[in-house]
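Quick notes on the structure that follows.
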Amino acid sequence: MEKILNYINGALVEPINNAYLDNYNPSIGKVYNQIPDSNEKDIDLGYNAANEAFSGWSKTPKEERSKIMMRIADLIEENLDELAKAESMDNGKPVKLAAHVDIPRAASNMRFFATAILHYASESHEMDGVAINYTLRKPIGVVGCISPWNLPLYLFTWKIAPALASGNCVVAKPSEVTPMTAYLFSKLCVEAGLPKGVLNIIHGMGPSVGSPITTHPGIKAISFTGGTATGKAIAKVAAPMFKKLSLELGGKNPNIIFADCDFDKALKTTMLSSFANQGQICLCGSRIFVERPIYEKFRDAFVAKTKQLKVGNPNDADTNLGAIVSKAHLEKVLSYVQLAQEEGGTVLAGGNKVQLEGELSEGYFMEPTIIEGLAFDCRTNQEEIFGPVVTIMPFDTEEEVVDMANSTEYGLAATVWTQDVGKSTRLGASLASGIVWVNCWLVRDLRTPFGGVKNSGVGREGGFNALNFFTEQTNVCIKL
Ligand code: NAD
């Protein structure tokens with residue numbers, strides 16, 4: 001059985017303890033390769049390699065760093081088919097989605113930060129003939145990047161790219177649930193000539209690999225994307241060590257549909273914002289609020305379209321939903337359907353595991369699910385489910401829907417459908433959310449601030465925000 005390897009000091013290596021974990025293909029429900037079960041000793045090796053490489057990499061001219069990153073981006077594109085198939089096999093998502101979204105975005109992440117660093121400038125403050133101050137932005141040193149399973153290579157590169165571009169060396173941990181494309185990426189880094197030690201990718205579990213990254217005294221900044229509970233645990237250990245922290249956490253996003261919306265566009269996009277990637281995108285709109293005059297019309301059309309979605313083989317071009325990422329996660333998502341019914345909800349579509357045939361008979365498939373009749377403040381409407389399950393509710397006034405939308409502990413993304421500019425600007429201001437999309441969803445400009453408020457996170461990624469995070473400032477004041 002194929003073994004995934006760690007990438008440390010420029011080489012693909014076995015974990016020190018030679019222990020491995022099983023890696024499952026969720027579409028067939030079977031182990032298909034093995035992943036290093038690394039521990040703090042591998043993190044020490046990775047850290048030492050990164051620390052050694054730092055002096056060279058941080059002094060490498062930006063143009064040279066940029067060129068190497070552009071080569072990595074080119075290689076991602078040249079290997080798009082292989083990477084998309086690997087992402088699908090590891091995560092369960094349709095190959096088509098990985099080929100159109102995940103892998104192209106990984107290349108864009110590398111290219112975006114490879115060029116952003118060339119345009120990165122800092123401030124100067126002149127003091128009326130007394131002195132001039134200028135701000136130096138220096139790389140931090142060795143930084144840690146930890147990412148989740150839902151958009152594996154997409155989110156892994158979203159962190160690594162700005163860290164490397166700004167001259168840091170990295171110890172990175174992909175999710176143990178979806179390690180494959182990070183492994184293929186490490187091979188591409190070798191091929192592109194990334195100097196040894198600049199990036200170290202170490203595989204394994206959260207407690208044995210993620211935790212030693214966050215507690216390592218030499219790793220001075222942590223960029224983390226994952227669940228809110230894990231973010232809280234990381235903050236608890238990293239804050240007293242005065243590490244810089246960027247936390248991108250969970251969401252429970254509202255999708256607000258006003259009666260004056262472009263109905264067809266709202267419906268078409270709601271299909272995606274509800275069920276793309278099996279609903280396993282932190283930005284999915286899982287609470288749908290529809291203004292009462294169009295509630296029944298929208299609900300019926302949405303239910304009808306949802307029933308037509310195909311749950312099936314991720315390799316088929318006409319598959320809309322592939323497999324849920326793991327057996328444990330499928331069980332968690334199904335338990336929320338049960339909870340919703342206990343809380344008085346009615347399942348309008350889906351609600352069940354899907355039994356496919358042949359090779360896929362043991363796979364973790366689930367119907368796209370719509371639930372009606374729940375109070376906005378019940379558990380189903382307050383807790384992150386992170387699967388193909390949405391709730392739908394009517395509302396009467398703008399004030400009421402803003403209150404319901406803002407009622408959760410989360411505040412990552414919101415979607416608003418209206419033709420009224422005044423209403424969209426008012427909601428843009430009153431929704432407690434890091435991102436508000438009006439008449440669209442998941443339209444991403446990589447220059448914009450990305451992140452959440454409340455328990456959805458701390459800090460912002462994207463554009464110069466990410467370069468600011470991965471640099472330390474020194475103000476130099478020169479007396480005139
Ligand atoms: P998770 O928190 O379980 O794991 C994320 C990563 O953290 C994994 O690599 C895991 O191994 C590691 N980890 C686990 N315990 C750790 C510890 N104690 N110390 C350090 N690292 C540890 O999250 P997940 O289940 O992989 O991902 C799903 C979650 O991610 C959802 O809550 C989703 O909303 C969130 N997410 C957020 C964003 C965003 O941008 N805000 C994007 C994608 C996913």
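We count ligands from 1, going down the list as the structure has it; atoms in each ligand are counted the same way. In this text, all values refer to a predicted model and were calculated from it rather than measured experimentally.
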Report yes if [X] has an N/O atom closer than 3.5 Å to an N/O atom of ligand 1; otherwise report no.
| X | answer |
| --- | --- |
| Phe386 | no |
| Ala233 | no |
| Pro207 | no |
| Ser456 | no |
| Thr225 | no |
| Thr214 | no |
| Glu176 | yes |

Which residue and non-hydrogen atom of the protein lie closest to [atom], and at what distance in Å?
| atom | answer |
| --- | --- |
| atom 35 (C) of ligand 1 | Gly226 O, 3.2 Å |
| atom 16 (C) of ligand 1 | Thr230 CG2, 3.4 Å |
| atom 6 (C) of ligand 1 | Ser147 O, 3.5 Å |
| atom 12 (C) of ligand 1 | Ile146 CG2, 3.8 Å |
| atom 7 (O) of ligand 1 | Phe224 CE1, 3.2 Å |
| atom 38 (C) of ligand 1 | Cys282 SG, 3.1 Å |
| atom 13 (N) of ligand 1 | Gly206 CA, 3.4 Å |
| atom 27 (O) of ligand 1 | Pro148 CB, 3.3 Å |

Give the atom numbers and elements of ligand 1 that come within less than 4.0 Å of a heavy atom of [X].
| X | result |
| --- | --- |
| Gly227 | 1 (P), 2 (O), 23 (O), 29 (C), 30 (O), 32 (O) |
| Phe450 | 40 (O) |
| Glu384 | 31 (C), 32 (O), 33 (C), 34 (O) |
| Leu155 | 42 (C), 43 (C) |
| Asn150 | 43 (C), 44 (C) |
| Gly210 | 19 (N), 20 (C), 21 (N) |
| Ser175 | 9 (O) |
| Ser211 | 19 (N), 20 (C) |

Is it the case that more than 12 heavy atoms not belonging to [X] sit under 6.0 Å from its [atom1] atom?
| X | atom1 | answer |
| --- | --- | --- |
| Lys96 | NZ | yes |
| Lys310 | NZ | yes |
| Arg447 | CZ | no |
| Lys244 | NZ | yes |
| Tyr20 | OH | yes |
| Glu342 | CD | yes |

As a quick check of understanding, evaluate side-chain contact (heavy atoms from CB on, under 4.5 Å) for Asn465 and Phe450, giving each step before the final call. CA-CA 9 Å; Asn465 290 293; Phe450 179 90; over 6 Å; no
In a check of side-chain hydrogen bond (donor to acceptor under 3.5 Å, both in side chains) between Thr380 and each of Gln338, Gln341, Glu343, which one passes? Glu343
Carboxylate-amine/guanidinium proximity below 4.0 Å for Lys252 and Glu409: no
Any salt bridge linking Lys187 with Glu82? Criterion: basic side-chain nitrogen under 4.0 Å from a carboxylate oxygen. no
Which of these, Leu249, Leu247, Asn253, has its nearest heavy atom closest to atom 41 (N) of ligand 1? Leu249
Selected option - heavy-atom contact closest to atom 26 (O) of ligand 1, from Trp149, Tyr410, Trp158: Trp149
Measuring from the heavy atoms of Gly231, does anything fall under 4.0 Å of ligand 1? no
So, do [X] and [Y] sit near enough that their side-chain heavy atoms are less than 4.5 Å apart?
| X | Y | value |
| --- | --- | --- |
| Phe376 | Arg287 | no |
| Glu14 | Asn6 | no |
| Leu184 | Asn79 | no |

Are any of the protein's heavy atoms under 4.0 angstrom from atom 23 (O) of ligand 1, yes or no? yes
Ligand 1-proximal atoms of Leu412, by part, heavy-atom distance under 4.0 Å: side chain
Answer with side chain, backbone, both or neither: which part of Ile234 has a heavy atom less than 4.0 angstrom from an atom of ligand 1? side chain
How long is the straight-line distance from [atom2] of [Y] back to [atom1] of [X], given to the nearest 0.5 Å?
| X | Y | atom1 | atom2 | answer |
| --- | --- | --- | --- | --- |
| Thr415 | Leu427 | OG1 | CG | 11.5 Å |
| Phe185 | Ile103 | CZ | CD1 | 11.0 Å |
| Ile35 | Asp90 | CD1 | CG | 8.5 Å |

Take Lys327 and Glu331 through the test salt bridge (Lys or Arg N to Asp or Glu O under 4.0 Å) and record every step on the way to the result. CA-CA 6 Å; Lys327 188 161 186 270; Glu331 282 163 5; 3.6 Å; yes
